[in-house]
Trainee: 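Following this message is one structure expressed as structure tokens.
All values derive from a computational prediction rather than experimental measurement. Worth knowing before you read on, the calculation uses all heavy atoms, side chains too, and leaves out hydrogens, waters and symmetry mates.
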Amino acid sequence: LYCKCLKRELMNKIGITFCLIIFLALGCSGYEIEQKRYQVEKAYFEAEKLVDNHSVKPELRTRDDYFLLVSAYMQVFNRFTENFPNLTSLQNLSEPEVEASNLAGKALLSASALLLSAESTDSAKKVLDYIIASPVMLKQHRFDALFAAGNIAAQQGNWPSAENFYLQL
């Protein structure tokens, strides 16, 4: 009888320990995703801070100034792709993954706007085309990219392309 009690107590302790290990493992996996989102967020706020601290007025910035700011925003996107390489769609994403996608989309839109200001239209169009085609960019970012691409096409006199972009809105 004493052995059965010890055996039952040992099995209970093993079961509790096993449950704790599983609980900790599940908790740590969520922490890892949150940590990755935080890295994207940190890169985004560093890029925003660089733009704010870059004391040159926009009308006085050189092309090099613009490309410095663009590279900061592109680092946000690079951090996003490094931290979330397996994302293929917006369906079934966790909240941290959606937040990271949001920051990456904002960074790409800001980079394209800066490229337009630097009169690097072709590079800006490539960034916008990526946003439009990407399955992991939020609908609002895709909408903004379509609108901007339509405006670029209209300014260049490419009316069929502009109309195509606007129809996708």
Side-chain angles (χ1 to χ4, degrees), residues 29-59 61-169:
S29 67
Y31 175 76
E32 182 181 339
I33 290 174
E34 189 63 37
Q35 193 65 5
K36 289 178 179 182
R37 183 216 43 92
Y38 172 74
Q39 291 173 356
V40 174
E41 183 179 35
K42 183 179 176 190
Y44 181 79
F45 287 122
E46 286 174 359
E48 290 282 298
K49 186 177 177 181
L50 180 65
V51 170
D52 290 343
N53 290 338
H54 202 38
S55 61
V56 178
K57 291 182 180 181
E59 57 272 3
R61 289 183 182 149
T62 66
R63 280 179 66 92
D64 291 339
D65 294 332
Y66 280 110
F67 289 125
L68 171 73
L69 300 175
V70 167
S71 70
Y73 282 120
M74 294 309 290
Q75 287 176 5
V76 176
F77 177 71
N78 291 337
R79 182 59 55 129
F80 172 71
T81 57
E82 288 170 11
N83 287 353
F84 302 97
N86 298 325
L87 295 183
T88 57
S89 75
L90 288 175
Q91 295 179 349
N92 301 324
L93 294 184
S94 67
E95 186 176 331
E97 290 168 328
V98 171
E99 290 171 0
S101 174
N102 180 39
L103 293 170
K106 282 182 178 180
L108 288 176
L109 287 169
S110 295
S112 69
L114 288 167
L115 286 166
L116 285 173
S117 297
E119 297 177 3
S120 184
T121 307
D122 290 338
S123 296
K125 285 182 0 185
K126 287 179 184 176
V127 172
L128 293 172
D129 288 342
Y130 178 81
I131 296 170
I132 292 166
S134 175
V136 295
M137 291 292 125
L138 300 178
K139 288 181 182 182
Q140 181 61 45
H141 298 140
R142 186 174 184 278
F143 178 87
D144 292 343
L146 284 167
F147 187 74
N151 286 342
I152 291 170
Q155 289 173 355
Q156 293 177 336
N158 187 350
W159 299 109
S161 181
E163 184 177 356
N164 183 37
F165 286 122
Y166 292 142
L167 287 175
Q168 293 179 52
L169 295 173

Trainee: Is it the case that the side chain of Y166 and the backbone of N151 share a donor-acceptor pair, with hydrogens and angles ignored and the cut-off at 3.5 Å?
Mentor: yes
Trainee: Could you check if a side-chain atom of L87 sits within less than 4.5 angstrom of a side-chain atom of S101, using non-hydrogen atoms only?
Mentor: no
Trainee: Take L69 and L50, measure what side-chain contact (heavy atoms from CB on, under 4.5 Å) needs, and give me the verdict at the end.
Mentor: CA-CA 7 Å; L69 300 175; L50 180 65; 3.8 Å; yes
Trainee: Are side-chain heavy atoms of K126 and L115 found at a separation under 4.5 Å?
Mentor: no
Trainee: Begin from the C-alpha positions of T62 and D65 and carry the test side chain to side chain donor-acceptor pair (under 3.5 Å) through to its verdict.
Mentor: CA-CA 5 Å; T62 66; D65 294 332; 3.2 Å; yes
Trainee: Please enumerate all residues that pass salt bridge (Lys or Arg N to Asp or Glu O under 4.0 Å) together with K36, with sequence neighbours excluded.
Mentor: E32
Trainee: Determine whether the side chains of S161 and N164 contain a donor N or O and an acceptor N or O closer than 3.5 Å.
Mentor: no
Trainee: In chain order, what residues pass the side chain to side chain donor-acceptor pair (under 3.5 Å) check against S110, with sequence neighbours excluded?
Mentor: none
Trainee: Between the side chains of D144 and Q140, is a donor N or O closer than 3.5 angstrom to an acceptor N or O?
Mentor: yes
Trainee: Listed by chain and number, what are the side chain to side chain donor-acceptor pair (under 3.5 Å) partners of Q39, not counting sequence neighbours?
Mentor: N83
Trainee: Of E48, K42, E41, which is the lone residue that meets side chain to side chain contact (heavy atoms under 4.5 Å, CB included) with Y44?
Mentor: E48
Trainee: Parallel, tilted or perpendicular, judged at 30° and 60°: which one describes the rings of Y130 and F77?
Mentor: perpendicular
Trainee: What's the shortest heavy-atom distance between I132 and L146, and which atoms?
Mentor: CD1-CD2, 3.7 Å
Trainee: Using every non-hydrogen atom in the two residues, find where L128 and A149 come nearest and quote the distance to one decimal.
Mentor: CD1-N, 3.8 Å
Trainee: Might you point out which heavy atoms bring M74 and A111 nearest each other, and give the distance in Å?
Mentor: SD-CB, 4.0 Å
Trainee: Among all residues two or more places apart in sequence or in another chain, which pass the salt bridge (Lys or Arg N to Asp or Glu O under 4.0 Å) test with E99?
Mentor: R37
Trainee: The criterion is side chain to side chain donor-acceptor pair (under 3.5 Å); which residues satisfy it with Y38, sequence neighbours excluded?
Mentor: none
Trainee: Are any non-hydrogen side-chain atoms of L169 and F143 less than 4.5 angstrom apart?
Mentor: yes
Trainee: To the nearest 0.5 Å, what is the distance between CG on N53 and CD on E46?
Mentor: 11.5 Å
Trainee: What's the shortest heavy-atom distance between T121 and I152, and which atoms?
Mentor: CG2-CG2, 3.6 Å
Trainee: Within a strict 4.5 Å, meaning less than it, do heavy atoms of the T88 and P135 side chains meet?
Mentor: no
Trainee: Are more than 12 heavy atoms, taken from residues, nucleotides or ligands other than E163, located less than 6.0 Å from that residue's CD atom?
Mentor: no
Trainee: State which residues pass salt bridge (Lys or Arg N to Asp or Glu O under 4.0 Å) with R79; sequence neighbours excluded, sorted by chain then number.
Mentor: E82
Trainee: Find the distance between CG (L114) and OG (S123) and round it off to the nearest 0.5 Å.
Mentor: 12.5 Å
Trainee: Nearest heavy-atom pair of A100 and V40: which atoms, and what distance?
Mentor: O-CG1, 3.9 Å
Trainee: Closest heavy-atom contact between L109 and A145?
Mentor: CD2-N, 4.0 Å
Trainee: Where does the angle between the aromatic ring planes of F84 and F80 fall among parallel (under 30°), tilted (30 to 60°) and perpendicular (over 60°)?
Mentor: tilted
Trainee: Between the side chain of Y66 and the main-chain N/O of R61, is any donor-acceptor distance below 3.5 Å?
Mentor: no
